[in-house]
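Structure, as structure tokens:
Position 1 is the first residue of the sequence, and the numbers go up from there.
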Amino acid sequence: MRIAGGTAKRITKRIINFILVIWGVVTLSFCLQVFTGTDPAEMIVRKVNVFATEEQIQAVREELGLDAPFLERYTDYIKGVLTGDLGTAITNRQPVIENIKDALPVTCMLVIMAMAWVIIFTVLIAAISVIRKGGIFDNVMRIICIIGICVPSFWLALILLTAFAVQIPIFSVISDGSFKSLILPSVAMAFPIICIAARVLRAAVLNELKSDYVTYARARGFSNAQIVYGEVLRNALPAAITLFAQYCAALFGTSALVESVFSIQGLGIYLTKSCESMDIYGISGSILVCGVLFVLFNTLADLLSSAICPAYRRKAA
């Protein structure tokens, strides 16, 4: 009963923190609309009529409720977010939520594929590097990871596109949204993260190998591989899981460069186009979605780390 009560207490605490942080993200998104110095009403009117009068701009401002008091606008914005209304985009006069719904699925598929590569290769590289510490594989992977951390994902995307879509036409130059067409961009996004996460997990595993229970396991005759895969890797995972969650959420907003290389109309491209056209509603809506995803993934990572690693659970408590 005490264990169950402690678990419920931790989950409740994390849910409360999640709600508070989401409220902060929504508030910052609203402030982005209010304090940027851009008048959405003027941009909407000027887009139709460059020589619009101040009366016409004021009429649109009243229609959008931009002349209402600050607290009233903030309350209306909160209500809109809760009902899925993020405003109307200035660029195409379509609801921002609909634009995001059109762009988000392909970005979700891209991020999922990238994270799949990260999980598979991070665990393999870190585990083999620890088992063969100081060997050829460990030293080679150290060099590759150092180089990979410094390589921009968009530059790697260009190299992969040139090599495997132009010189060796295995993949298509322009993505059509299929699984095959997303392999190259997902690899370009995953490679720098793999290099970082593999080094973090390797360091965490080596730190765990200094623990007393490892010494006891070796005294009982367990091999290094059995110790690493049996207990050490599980206890070292929280650091890698936290890093994984942060990058997974960040990719939704930073995927624009890779998406532009492969002509993928995802969330990153939509955010970039909104910035180029000063579409304040598109910008704030996209940032809000990315912020919510970031908080959500970090909360899930915290809960997953607590479930996997008892030591992390005791530390978090």
Please say whether more than 12 non-hydrogen atoms of neighbouring residues, nucleotides or ligands are located less than 6.0 Å from [atom1] in [X].
X	atom1	value
Ile136	CD1	no
Tyr74	OH	yes
Tyr216	OH	no
Arg93	CZ	yes

If hydrophobic clusters are built from ILVMFWY residues whose side chains come within less than 4.5 Å, do [X] and [Y] share one?
X	Y	answer
Ile269	Val258	no
Leu20	Val292	no
Trp23	Leu293	yes
Ile146	Leu206	no

#### Entry: Ion pair Lys273/Asp279, N-O distance below 4.0 Å
no
### Query
Please walk me through it: do Phe262 and Phe171 pass ring pair (Phe, Tyr, Trp, His ring centres under 6.0 Å)?
CA-CA 11 Å; Phe262 291 92; Phe171 302 95; 9.2 Å; no
### Task
Classify the side-chain pair Glu259/Thr107 by whether it contains a donor and acceptor separated by less than 3.5 Å.
yes
### Message
Please find the pair of heavy atoms, one from Phe244 and one from Met115, that lie closest to each other, and give the distance.
### Response
CE1-SD, 3.3 Å
